[in-house]
Amino acid sequence: MLSSKKKYIVSGDSGIKAQIQFADQKQEFNKRPTKIGRRSLSRSISQSSTDSYSSAASYTDSSDDETSPRDKQQKNSKGSSDFCVKNIKQAEFGRREIEIAEQEMPALMALRKRAQGEKPLAGAKIVGCTHITAQTAVLMETLSALGAQCRWAACNIYSTLNEVAAALAESGFPVFAWKGESEDDFWWCIDRCVNVEGWQPNMILDDGGDLTHWIYKKYPNMFKKIKGIVEESVTGVHRLYQLSKAGKLCVPAMNVNDSVTKQKFDNLYCCRESILDGLKRTTDMMFGGKQVVVCGYGEVGKGCCAALKAMGSIVYVTEIDPICALQACMDGFRLVKLNEVIRQVDIVITCTGNKNVVTREHLDRMKNSCIVCNMGHSNTEIDVASLRTPELTWERVRSQVDHVIWPDGKRIVLLAEGRLLNLSCSTVPTFVLSITATTQALALIELYNAPEGRYKQDVYLLPKKMDEYVASLHLPTFDAHLTELTDEQAKYLGLNKNGPFKPNYYR
């Protein structure tokens with residue numbers, strides 16, 4: 001029971017009702033018709049994570065052999081072969097990266113230290129599908145220290161750090177991921193995590209909804225034993241709400257994406273720093289004086305715009321929501337339609353979570369050497385498929401950088417084939433990911449330990465008490481000192497001295 005773990009768990013009130021934000025569209029979870037063959041299910045829900053027209057080898061180090069990891073026979077030092085990574089021999093290097101990440105993830109380390117004695121996740125069998133980075137490794141090892149068994153695949157075919165995957169495999173984690181997976185590899189890896197004799201998951205940690213989709217389509221009976229789903233992306237949460245609206249959600253789900261700690265820190269501050277890193281590493285460009293259009297002014301868009309404005313760029317914003325649009329105007333950005341500036345801008349950045357934001361018509365009208373990239377989870381925002389036509393020539397300039405050349409010689413610079421720029425082309429700040437990872441860990445603990453009846457087959461937001469707890473764990477890093485309410489002040493405000501200090505609807 002959660003009540004026995006109050007020193008490290010902040011539970012939601014049992015009376016809290018699901019806060020569900022249904023999508024307006026009446027869409028099924030599977031929005032696209034499937035195709036025949038080994039790729040049959042991959043197109044049905046997630047072109048976002050897998051569509052690729054380049055070989056996997058083109059995104060790996062030149063020193064690596066081009067043999068598919070699926071064709072290799074590898075074992076770790078303990079003799080286990082229950083994993084599939086690029087090269088198990090990279091484990092030592094990956095372990096160093098994980099140790100560095102631990103230094104910037106104070107909350108997870110504190111949670112590991114406080115909770116490992118009582119093992120709140122004892123008996124939990126967690127199957128995960130997220131970006132496999134050093135920060136994810138710290139989360140996985142924390143979940144293991146708290147008693148969970150984990151099996152893991154990657155949610156993005158280009159974001160896996162091969163050396164980190166090797167380090168996890170060496171430590172005994174069944175990890176199935178490598179940088180540069182093909183579409184078929186992507187779904188094969190997820191299936192290897194799920195479909196294993198003698199092991200069945202009872203918790204899901206997802207980023208984008210692909211893992212949930214795979215189980216929903218291929219192994220629906222597994223939901224009989226699954227206690228809950230934790231989802232951290234806009235795309236994945238949208239799909240969960242679609243399932244809920246259609247009455248097809250089989251288990252409780254926790255919407256981590258819309259938690260305050262995820263929105264205000266990961267989406268905003270992380271993207272504010274990583275957008276410049278990704279662009280600089282791939283293009284070596286100067287930002288001062290460049291004209292940039294950012295499509296979408298949510299938290300990700302706000303972070304991107306703030307960073308580019310600070311570097312001297314001229315920033316335009318497109319937006320469908322009048323509230324976000326007004327925020328952009330009052331922050332000093334000019335609100336435009338994409339068609340109005342597409343001929344003059346030097347950089348186009350998408351961060352809407354939508355599809356076909358940049359169409360072939362837009363791409364045709366762009367100026368020579370315009371840079372096109374995406375900061376949203378899915379690669380559906382830029383219509384990359386429309387560029388796969390005979391009259392256009394593709395040139396691979398460097399890893400994750402393609403020149404698409406028109407017959408008249410005009411070229412655009414496409415980054416990461418329209419996939420998530422920061423995790424495909426650079427890195428993200430570890431400290432910010434500590435906040436998100438701690439939120440994920442607490443959400444897993446909450447759902448796993450919740451008494452029957454607390455959560456129904458719905459999508460829930462994290463209780464604000466849990467958000468505040470995650471934030472408080474990170475304050476010691478800054479030697480920060482919170483002011484405490486007096487009894488009189490708390491009574492005046494109608495608050496508990498120990499929180500929560502914001503209502504559940506606060507974002």
A.B. asks: Determine whether a donor-acceptor pair (N or O, by modelled atom type, separation under 3.5 Å) exists between the side chain of Trp152 and the backbone of Ala177.
C.D. replies: no

A.B. asks: In the structure I gave you, are the side-chain heavy atoms of Leu421 and Ile275 within less than 4.5 Å of one another anywhere?
C.D. replies: yes

A.B. asks: Do Trp406 and Leu363 have side chains that get closer than 4.5 Å, going by heavy atoms?
C.D. replies: yes

A.B. asks: Starting at CG of Asn368, measure out to SG of Cys370 and round the result to the nearest 0.5 Å.
C.D. replies: 9.5 Å

A.B. asks: Taking everything shown except Lys456 itself, do over 12 heavy atoms lie less than 6.0 Å from its NZ?
C.D. replies: no

A.B. asks: Any side-chain to backbone donor/acceptor pair from Lys367 onto Arg343? Under 3.5 Å, distance only.
C.D. replies: no

A.B. asks: Do Ile190 and Cys129 have side-chain heavy atoms sitting under 4.5 Å apart?
C.D. replies: yes

A.B. asks: Checking Trp188 against Glu181 for the side-chain contact (heavy atoms from CB on, under 4.5 Å) test, could you report, in this order, the C-alpha distance in whole Å, the side-chain angles of both residues, the deciding distance, and whether it holds?
C.D. replies: CA-CA 10 Å; Trp188 179 86; Glu181 297 169 7; over 6 Å; no

A.B. asks: Search all heavy atoms of Cys351 against all heavy atoms of Val300 and return the closest pair with its distance.
C.D. replies: CB-CG1, 3.6 Å

A.B. asks: Could you check Val175, Val85, Leu161 and say which one makes a side chain to side chain contact (heavy atoms under 4.5 Å, CB included) with Ile132?
C.D. replies: Val175

A.B. asks: Are any of the side-chain nitrogens in Asp185 or Arg192 under 4.0 Å away from the carboxylate oxygens of its partner?
C.D. replies: no

A.B. asks: For the backbone of Asp467 and the side chain of Thr261, can you confirm whether one donor and one acceptor N or O come within less than 3.5 Å of each other?
C.D. replies: no

A.B. asks: Verify the distance criterion only: is there a donor paired with an acceptor across the side chains of Gln344 and Tyr316 at less than 3.5 Å?
C.D. replies: yes

A.B. asks: Any side-chain heavy atom of Leu387 sitting closer than 4.5 Å to one from Ile412?
C.D. replies: yes

A.B. asks: Side-chain contact test, heavy atoms from C-beta onward, threshold under 4.5 Å: evaluate it for Met285 versus Ile347 and give yes or no.
C.D. replies: yes

A.B. asks: Got a salt bridge between Glu395 and Arg411, using NZ or NE/NH1/NH2 to carboxylate O under 4.0 Å?
C.D. replies: yes

A.B. asks: Rounded to the nearest 0.5 Å, how far does CD of Glu232 lie from OG1 of Thr235?
C.D. replies: 11.0 Å

A.B. asks: Any chance you could measure Gln440, atom CD, to Leu108, atom CG, to the nearest 0.5 Å?
C.D. replies: 9.0 Å

A.B. asks: Hey, does the side chain of Glu231 reach the backbone of Gly208 with a donor-acceptor pair shorter than 3.5 angstrom?
C.D. replies: yes

A.B. asks: Measuring from atom CE of Met203 to atom CG of Leu143, what distance do you get when rounded to the nearest 0.5 angstrom?
C.D. replies: 10.0 Å

A.B. asks: Go through it in stages, so that I can follow the logic: the residues are Asn339 and Arg365, the test is side-chain contact (heavy atoms from CB on, under 4.5 Å), and I'd like the CA-CA distance, side-chain angles, deciding distance and then a yes or no.
C.D. replies: CA-CA 9 Å; Asn339 284 332; Arg365 295 174 61 197; 3.3 Å; yes

A.B. asks: Take a 6.0 Å sphere around CZ of Arg360 and say whether it holds more than 12 heavy atoms from other residues, nucleotides or ligands.
C.D. replies: yes

A.B. asks: Does Lys227 reach the side chain of Tyr455, with side-chain heavy atoms less than 4.5 Å apart?
C.D. replies: no

A.B. asks: Are Glu163 and Ile98 side-chain neighbours, meaning at least one heavy-atom pair lies under 4.5 Å?
C.D. replies: no

A.B. asks: Counting distance only, does the side-chain N/O of Lys179 pair as donor-acceptor with the main-chain N or O of Tyr158 below 3.5 Å?
C.D. replies: yes

A.B. asks: Closest approach of Val357 and Cys295, non-hydrogen atoms and distance?
C.D. replies: CG1-CB, 3.8 Å

A.B. asks: Where do Val348 and Ile342 land on the side-chain contact (heavy atoms from CB on, under 4.5 Å) test, with the steps shown first?
C.D. replies: CA-CA 8 Å; Val348 178; Ile342 196 63; 4.1 Å; yes

A.B. asks: Verify, without hydrogens or angle tests, whether Asp266 (side chain) and Thr436 (backbone) share a donor-acceptor contact under 3.5 angstrom.
C.D. replies: no

A.B. asks: Using the side-chain hydrogen bond (donor to acceptor under 3.5 Å, both in side chains) definition, which of the options Thr380, Asn379, Thr352, Thr350 pairs with Asn374?
C.D. replies: Thr350

A.B. asks: What distance do Glu340 atom CD and Leu335 atom CG have between them, rounded to the nearest 0.5 Å?
C.D. replies: 8.5 Å

A.B. asks: Looking only at atom types and distance, does a side-chain atom of Lys410 sit under 3.5 Å from a main-chain N or O of Met366, one as donor and one as acceptor?
C.D. replies: yes

A.B. asks: Where do Val234 and Asn257 come nearest, in terms of heavy atoms and distance?
C.D. replies: CG2-ND2, 3.4 Å

A.B. asks: For a quick test of reading the model, state the closest non-hydrogen atom pair linking Thr282 to Arg398 and the distance between them.
C.D. replies: O-NH1, 3.0 Å

A.B. asks: Can we say Glu417 and Arg396 salt-bridge, meaning some charged N sits less than 4.0 Å from an Asp/Glu carboxylate O?
C.D. replies: yes

A.B. asks: Would you name the heavy atoms of Leu168 and Ala137 that are closest together and state the gap between them?
C.D. replies: CD2-CB, 3.8 Å

A.B. asks: Do Arg70's NZ or CZ and the ring of Trp178 fall within the cation-pi criteria of under 6.0 Å and 45°?
C.D. replies: no

A.B. asks: Identify the heavy atoms of Cys150 and Pro174 that sit nearest to each other, and give their distance.
C.D. replies: O-CD, 3.2 Å

A.B. asks: Does the pair Thr359 and Glu361 meet the rule for a side-chain hydrogen bond (donor to acceptor under 3.5 Å, both in side chains), with working shown?
C.D. replies: CA-CA 5 Å; Thr359 65; Glu361 181 183 356; 4.8 Å; no

A.B. asks: Using the rule given for side-chain contact (heavy atoms from CB on, under 4.5 Å), can you reason through Asn156 versus Asp207, listing the C-alpha separation, both sets of side-chain angles and the distance that settles it, and then say yes or no?
C.D. replies: CA-CA 9 Å; Asn156 184 294; Asp207 184 351; over 6 Å; no

A.B. asks: Heavy atoms, side chains only, cut-off 4.5 Å: are Ile435 and Val470 in contact?
C.D. replies: yes

A.B. asks: Examine distances only and state if a side-chain atom of Glu381 and a backbone atom of Gly353 form a donor-acceptor pair shorter than 3.5 Å.
C.D. replies: yes

A.B. asks: Can any side-chain N or O of Lys280 pair as donor or acceptor with the backbone N or O of Phe287 at less than 3.5 Å?
C.D. replies: no

A.B. asks: With the threshold set at 4.0 Å, does a side-chain nitrogen-carboxylate oxygen contact exist between Asp258 and Lys262?
C.D. replies: no

A.B. asks: Any donor and acceptor pair, going by atom type alone, linking the side chain of Asn422 with main-chain N or O of Gly278 inside 3.5 Å?
C.D. replies: no

